[in-house]
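Data first, discussion second: the structure below is written as structure tokens.
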Protein chains: 2
Amino acid sequence: MIQGMRPLVHPSIEDITVEGILHALSDPVRVAIYAELAASAGATICSNFLQVSDRSIPKSTLSQHFRALREAGLVRSERHGVEMRNVTRCKEIERRFPGLIAAILNAHSVQATGRAGDTRRKPAPRKTKAA
Amino acid sequence: MIQGMRPLVHPSIEDITVEGILHALSDPVRVAIYAELAASAGATICSNFLQVSDRSIPKSTLSQHFRALREAGLVRSERHGVEMRNVTRCKEIERRFPGLIAAILNAHSVQATGRAGDTRRKPAPRKTKAA
DNA sequence: TTCCATAGTTCGTATGTTACGAAGTACTGA
DNA sequence: TCAGTACTTCGTAACATACGAACTATGGAA
């Protein structure tokens, strides 16, 4: 037993910086993770992202990515038993930096799909499709 | 005389990535420079930024910062005699990633002033006039 | 022309940051 | 107690960045 696990660090809303947010989301893996978190209703566990857009992410790397998102103030993480539940802090950030997260997520989707953007939440892709 | 100067690299609009933009603007010096460029009407030369928000920037570092902005697609640079004139590529980027630049600049100004934001262009922060 | 000043670039290197395997912690259930 | 799951931490190699020294490129005297 060399050293235990350090406690989870969550900056308070006024300590969140634009630079911190931009840096955290300037990584393709992190922005993809964040986009999925933002699109999902409830909490999401880390291991859901061991595969991100056809790319396999090592566990230790994934852990660091979540730490980066957490310490930039983008997500809130809570240990529940053996797993870690993550939710975005979109609403708080929206109050401090209006439009920022929406614009970034929209730009990310424009780039991913190659088509013009749409800021609305996607409820559930292809569930109501005819046939 | 080891090697001449390489030509200026400007990505075409479809090669500009969100990650690239976010990374370029995740540096406090670069986002400050970019905010000033975006607020000013005409072209602005590099050496206007040897001082950025009470901080003195070495020439070589400043040159690298402008290269980063240029290669992320954020600014267009042109040599005119001995100086380099820079303009933002806001309008192009606005077409590809609507609202992105405005939201970042707004967030930057919220953070700088400590007050709620305003997306409109600032009239003219009269600093060092091109002497 | 030659010389000098100005404006910016490149290079070398020291310092920082990031990725990921190996080994560890923490919890749960058998 | 043991094993399995889900993550975290550590060590280190690879990559990125900052900045001084030396350079290029241009323009304007003399």
Side-chain angles (χ1 to χ4, degrees), chain A residues 1-10 17 19-20 22-33 37 43-53 55-72 75-87, chain B residues 1-10 17 19-20 22-33 37 43-53 55-72 75-87 128-131:
Chain A
M1 197 195 291
I2 296 165
Q3 203 208 67
M5 280 170 170
R6 4 179 147 137
L8 301 178
V9 174
H10 291 100
T17 64
E19 290 88 348
L22 300 191
H23 178 253
L25 297 181
S26 72
D27 180 280
V29 172
R30 284 194 298 258
V31 74
I33 289 173
L37 281 183
T44 308
I45 68 171
C46 297
S47 59
N48 281 10
F49 299 98
L50 286 168
Q51 284 281 131
V52 170
S53 32
R55 195 158 113 56
S56 175
I57 312 294
K59 260 183 343 157
S60 61
T61 304
L62 189 62
S63 179
Q64 294 311 309
H65 282 319
F66 269 96
R67 182 148 94 107
L69 290 171
R70 188 164 54 242
E71 296 188 353
V75 310
R76 195 173 289 281
S77 313
E78 244 177 82
R79 245 181 269 279
H80 274 261
V82 78
E83 60 192 30
M84 186 86 132
R85 297 194 192 150
N86 301 281
V87 288
Chain B
M1 198 195 300
I2 295 165
Q3 202 210 69
M5 281 171 172
R6 6 183 144 133
L8 301 178
V9 174
H10 292 100
T17 65
E19 290 88 346
L22 299 190
H23 179 252
L25 297 181
S26 71
D27 180 278
V29 172
R30 283 194 298 258
V31 74
I33 290 173
L37 280 182
T44 309
I45 68 171
C46 297
S47 57
N48 281 10
F49 299 98
L50 285 168
Q51 284 281 132
V52 170
S53 31
R55 196 158 113 55
S56 175
I57 312 293
K59 254 182 350 154
S60 61
T61 303
L62 189 62
S63 179
Q64 294 311 310
H65 281 319
F66 270 96
R67 181 149 93 107
L69 290 171
R70 188 161 56 239
E71 297 190 352
V75 311
R76 195 173 288 283
S77 313
E78 244 176 82
R79 245 181 269 279
H80 274 262
V82 79
E83 61 192 30
M84 186 86 132
R85 297 193 192 154
N86 300 281
V87 289
T128 332
K129 247 187 182 161

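What you see is a predicted model, and the numbers here were worked out from it, not measured in a lab. The analysis underlying the following values was restricted to heavy atoms, covering all of them including side chains, and did not include hydrogens, waters or symmetry mates. We name chains A, B, ... by the order of the sequence lines, and we start the count at 1 in each one.
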Report task. Specify the separation, in whole Å, of atom CZ of F66(A) and atom C1' of dA6(D). Result -> 12 Å

**Report entry** Distance, rounded to the nearest Å, where F49(B) contributes CZ and dT9(C) contributes P
**Finding:** 14 Å

Report summary line: Against the side chain of M5(B), the closest entry in dT8(D), dT18(C), dA25(D) is dA25(D)

**Report entry** Atom-pair distance (CZ on R67(A); C1' on dC10(D)), nearest Å
**Finding:** 12 Å

Report summary line: In whole angstroms, the gap separating P of dT8(D) from NZ of K59(A) amounts to 10 Å

Requested in this report: With heavy atoms under 4.0 Å as the rule, sort N48(A) into base, sugar-phosphate or nothing.
Outcome: nothing

Query raised in the report: Does a nitrogen or oxygen in the side chain of T61(A) sit under 4.0 Å from OP1 or OP2 of dA19(C)?
Result: no

Query raised in the report: What is the nucleic acid contact for I45(B), judged by heavy atoms within less than 4.0 Å: base, sugar-phosphate only, or nothing?
Result: sugar-phosphate

Report task. Measure the distance from CG on L62(B) to P on dA7(C) and round it to the nearest whole Å. Result -> 12 Å

Report task. Could you tell me whether the side chain of L69(A) reaches within less than 4.5 Å of the side chain of L25(A), counting heavy atoms only? Result -> yes

Requested in this report: For the pair N86(A) (side chain) and T44(A) (backbone), establish whether a donor and an acceptor sit closer than 3.5 Å, ignoring hydrogens and angles.
Outcome: yes

Report summary line: Rounded to the nearest 0.5 Å, the CD atom of E78(B) sits from the CZ atom of R85(B) at a distance of 8.5 Å

Query raised in the report: Taking atom P of dC20(C) as reference, at what distance in whole Å does atom CG of L50(A) sit?
Result: 13 Å

Query raised in the report: Does a nitrogen or oxygen in the side chain of R79(A) sit under 4.0 Å from OP1 or OP2 of dA26(C)?
Result: no

Requested in this report: Just compare dA6(D), dT10(C), dT9(D) and give me whichever is closest to any side-chain atom of E83(A).
Outcome: dA6(D)

**Report entry** side-chain contact (heavy atoms from CB on, under 4.5 Å) assessment of K59(A) paired with S47(A)
**Finding:** CA-CA 8 Å; K59(A) 260 183 343 157; S47(A) 59; over 6 Å; no

For nucleotides 1-5 of chain D, which of its nitrogen or oxygen atoms have a protein nitrogen or oxygen under 3.5 Å away, and what is each distance?
none

Query raised in the report: What is the nucleic acid contact for S47(B), judged by heavy atoms within less than 4.0 Å: base, sugar-phosphate only, or nothing?
Result: sugar-phosphate

Query raised in the report: From dA18(D), dA23(C), dC20(C), pick the nucleotide closest to the side chain of D27(B)?
Result: dA18(D)

Query raised in the report: Taking OP1 and OP2 of dA18(D), is either one under 4.0 Å from a side-chain nitrogen or oxygen of S60(B)?
Result: no

**Report entry** Atom-pair distance (CD on E71(B); C1' on dT10(C)), nearest Å
**Finding:** 13 Å

Query raised in the report: Which distance, rounded to the nearest 0.5 Å, do you find between the CG of D27(A) and the NE2 of H65(A)?
Result: 4.5 Å

Requested in this report: Return the value, rounded to whole Å, for the distance between atom CZ of R70(A) and atom P of dT8(D).
Outcome: 6 Å

Report task. List the steps and the verdict of side-chain contact (heavy atoms from CB on, under 4.5 Å) for L37(A) and F49(A). Result -> CA-CA 10 Å; L37(A) 281 183; F49(A) 299 98; 4.3 Å; yes

Requested in this report: Quick one: pull up CG in L62(B) and CZ in R67(B) and give me the separation to the nearest 0.5 Å.
Outcome: 13.5 Å

Report summary line: Interatomic distance, CZ@R30(B) vs CD@Q64(B), rounded to 0.5 Å, equals 10.0 Å

Requested in this report: Please state whether the phosphate of dG24(C), meaning OP1 or OP2, lies under 4.0 angstrom from any side-chain nitrogen or oxygen of R6(A).
Outcome: no

Query - Comparing Q64(B) and I57(A) on DNA chain C - which has the more 5′ nearest nucleotide - result: Q64(B)

Query raised in the report: Under 4.0 angstrom, heavy atoms only, what part of the nucleic acid is H23(A) near: base, sugar-phosphate, or nothing?
Result: sugar-phosphate

